[in-house]
> 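The structure that follows is given in the form of structure tokens.
Residue numbers begin at 1 in each chain, while the letters A, B, ... track the order of the sequences. If you're wondering where the values come from, they're calculated on a predicted model, not measured in any experiment.
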There are 2 protein chains.
Amino acid sequence: MNDVRPTLEAVAARAGVSRATVSRVVNGGLNVRAAVQERVREAIAELGYVPNQAARTLVTRRTGAVAVVIAEPESRVFSDPFFAQQLRGISRALSAADTQLVLLYVEDREDYGRIGRFLGGGHVDGALMFSLHSDDPLPGIAAAADLPVVYGGRPGWEGEDSLGGDPLFVDTDNRAGARLAVRHLLDRGRHRIAHIAGPLDQTSAVDRLRGYRDELPADAPHDLVAEGDFTPAGGERAMTELLTRAPHLDAVFAASDLMATGALRTLQLHDRRVPDDVAVVGYDDLEPATWTHPPLTTVHQDVEEMGRMMATLLLTRIGAGTDDPPAPVITPPLLVIRESA
Amino acid sequence: MNDVRPTLEAVAARAGVSRATVSRVVNGGLNVRAAVQERVREAIAELGYVPNQAARTLVTRRTGAVAVVIAEPESRVFSDPFFAQQLRGISRALSAADTQLVLLYVEDREDYGRIGRFLGGGHVDGALMFSLHSDDPLPGIAAAADLPVVYGGRPGWEGEDSLGGDPLFVDTDNRAGARLAVRHLLDRGRHRIAHIAGPLDQTSAVDRLRGYRDELPADAPHDLVAEGDFTPAGGERAMTELLTRAPHLDAVFAASDLMATGALRTLQLHDRRVPDDVAVVGYDDLEPATWTHPPLTTVHQDVEEMGRMMATLLLTRIGAGTDDPPAPVITPPLLVIRESA
DNA sequence: CGATGATTTGAGAGCGCTCTCAAGCTCGTT
DNA sequence: AACGAGCTTGAGAGCGCTCTCAAATCATCG
């Protein structure tokens, strides 16, 4: 192991060419004679040359890395399959473009400082942000750092404003998805349909609640809503509350599969049969939906693909420029019928 | 938003001092008069100056980031609470030292190339590596890149060799832990004790198997071992196999809690009562151990603390130098008795 | 065969920062 | 008052790379 890494200079000397020529070869070899390229590549191999990333970043102003910021504590990030799935799509797209991914999550409020410093410090070329809450400082931080961002899920603000134009995001049509779910329950003859909402400071939760209300007939009870937090435990709590407030409910639409699993557990604890006594519909169509007893009827969204799209959007925004101006993407939801409803 | 970021030069001009002085203030302000420091800090604030990381890295040869490499596919990384917990400890220690964490996992064999390029590319000052398998190329890659590494779990090789001296690692005493588990089962009067091992190309799995064999009395059956893969599904498969081979077993020691949960499910499916018919002991004492019915008796290891130790070890190895030569750490296991055995 | 244009190559100027070294100060001491 | 011992400060070199620009080389053709 040579303790000191060879530089461009060393390779150039070895190959008998100039630094500039080696640089050209390293970066694709445009306009370099084949014979020379060959010689340079040999020198690179012999010396075990690896470009110094810092030097390169210093002059190109590109780091080749993007941040993925999730506004949730680490425990949620690593336990919610939604993030895992999304992250999978993102990694795929990113590593195809030889771009590194730096994962950041928000453990507590003071982390915003650290994250702000990181995003502003020029460590990354852009950011993907998830799970923003309505008063989230992250968009402001990114704007202040002049950093391109793509949001996962429609952010709370839209259009021209202080944060610099239209936000770029990838989302599913949550409202339509919720309507699909409720429609299905109505079609199955259910009337007392409750809703376990997500945290109402997130647009996805709000949109799903709105869709639920849209579809409910005028004569149906409209107040059977409890707010959860997208976790199984939150689903349990919400279900317990609903059961107390409306013991005779005959269906539940949960705003996420994870909350639905919690609801399922609670219903079983209270001796309600699913779907006979109470029908349950989830949202997301992630793995847990297939594990439960009975398997969950749920609203599908292609989370991995959405992750991929986010990454692609960000890459084009960062990359060449405006030859294909990226625009927000909204994917259609799809009802998947299993056994819980 | 100023499109162009202010440089040290700009701050220096504004504060009426030299670049060097501003640099000193930014880096702690040693040997700079209080009045001057004040003036410089004002200039920094007014201009919104943020140091350019690349430039700094170029001269200091420190990136302020470390990689965490997990030799498992992303789906495992994000579903196994062991990694989540470990990662939590690591993040804590790292962000306390203002060091960034870059997470890398190995999706398939060809990822090794990408990871090698990344580790060799000078993007990070060191690496934390987990879940290595016996023939893993990662240690070689790190050695080739001359990168300080701390391993999670004793690596398969030890002592002086081609990979450059003693590997630094943090582990728990797996063998002793396994003995604790088996001892407990024996004390409860169990005799036909099976073992669901982890993948035997990992030292932790081998050591636990060894501990299990150590403690088994000479007249007990020694062949009730099935190999799992540390996942719930693997636990199910192994349990099914064991039940076929030895329908009368009265206890199972699983090498991880996750496999134990799978075993539990399978046992219930086969109408075995736990712990009455079959006692079950897990390993790790992570969250799932408390969720199961019945809650798992298991061997505790402080995974988060171990993560923190790994990070600390790496930081000292990277940092100052040899004033406190870091050494491998082996933590003691602890039996936690709940209801499954 | 010289002119024209395209292609290939090298020299050299930075990118923004740290760090060494020497010069300029401030003091306490004699 | 003079002098050496710290403190503070600034000048300037240099980290390894990219990129512009001009020089050199090659190809093409009237």
> If you measure only the distance, is there a donor-acceptor pair under 3.5 Å linking the side chains of A:Y151 and A:D171?
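Absent: no donor and acceptor within the cut-off.
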> Is it the case that the side chain of B:R308 and the backbone of B:A93 share a donor-acceptor pair, with hydrogens and angles ignored and the cut-off at 3.5 Å?
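Checking the backbone N and O of B:A93 against the side chain of B:R308, no donor-acceptor pair under 3.5 Å is found.
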> Would you mind reading off the distance between A:L58 atom CG and D:dC17 atom P, rounded to a whole angstrom?
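So the two atoms are 12 Å apart, to the nearest Å.
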> Take atom CD of B:E9 and atom P of C:dC15, then tell me their distance rounded to the nearest Å.
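It works out to 10 Å between those atoms.
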> What is the per-nucleotide protein-contact pattern of nucleotides 5-13 of chain C, from the 5' end, where B denotes a base atom under 4.0 Å from a protein heavy atom, S denotes such proximity for sugar-phosphate atoms only, and - denotes neither?
---SBBBBB
> Can you list the residues that meet the ring-ring contact (aromatic ring centres under 6.0 Å, His included) rule with A:F118, with sequence neighbours excluded?
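Counting only residues at least two positions away or on another chain, A:F118 forms a ring-ring contact (aromatic ring centres under 6.0 Å, His included) with A:H123.
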> Round to a whole Å and report the spacing from CZ of B:R61 to C1' of C:dC19.
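Atom CZ in B:R61 sits about 13 Å away from atom C1' in C:dC19.
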> Using the salt bridge (Lys or Arg N to Asp or Glu O under 4.0 Å) rule, collect all pairs that involve residues 20-38 of chain B, keeping only residues at least two apart or in two chains.
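Sorted result for residues 20-38 of chain B: empty, none.
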> C:dC15, OP1 or OP2 - any side-chain N/O from B:N52 closer than 4.0 Å?
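Result: no.
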> For residues 121-131 of chain B, which residue pairs qualify under salt bridge (Lys or Arg N to Asp or Glu O under 4.0 Å), counting only residues two or more places apart or in two chains?
B:R62-B:D125
> Given atom CG of A:N27 and atom P of D:dG16, what is their separation to the nearest angstrom?
17 Å
> I need the CD1-C1' distance between A:I44 and D:dG16, as an integer number of Å.
14 Å
> Applying salt bridge (Lys or Arg N to Asp or Glu O under 4.0 Å) as the test, list every pair that has at least one member in residues 40-58 of chain B; sequence neighbours left out.
B:R14-B:E46
> Are A:S23 and D:dC17 close enough that a side-chain N or O sits under 4.0 Å from OP1 or OP2?
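Answer no for this pair, as no side-chain N or O of A:S23 is under 4.0 Å from OP1 or OP2.
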> Using a cut-off of strictly less than 4.0 Å, decide whether A:R56 has a side-chain nitrogen or oxygen near OP1 or OP2 of C:dC15.
no
> For residues 92-111 of chain B, pull every pair meeting salt bridge (Lys or Arg N to Asp or Glu O under 4.0 Å), keeping only residues two or more places apart or in separate chains.
A:R117-B:D98, B:R92-B:E304, B:D111-B:R114
> Taking OP1 and OP2 of C:dT18, is either one under 4.0 Å from a side-chain nitrogen or oxygen of B:R62?
no
> Suppose we screen for ring-ring contact (aromatic ring centres under 6.0 Å, His included). Which residues come up paired with A:Y49, at least two apart in sequence or across chains?
none
> For the helix from C:dC1-D:dG30 to C:dT30-D:dA1, what is the angle between the axes at its two ends, each from 5 pairs, rounded to 10°?
50°
> Go through the structure and list residues passing side chain to side chain contact (heavy atoms under 4.5 Å, CB included) with B:A12, not counting sequence neighbours.
B:V22
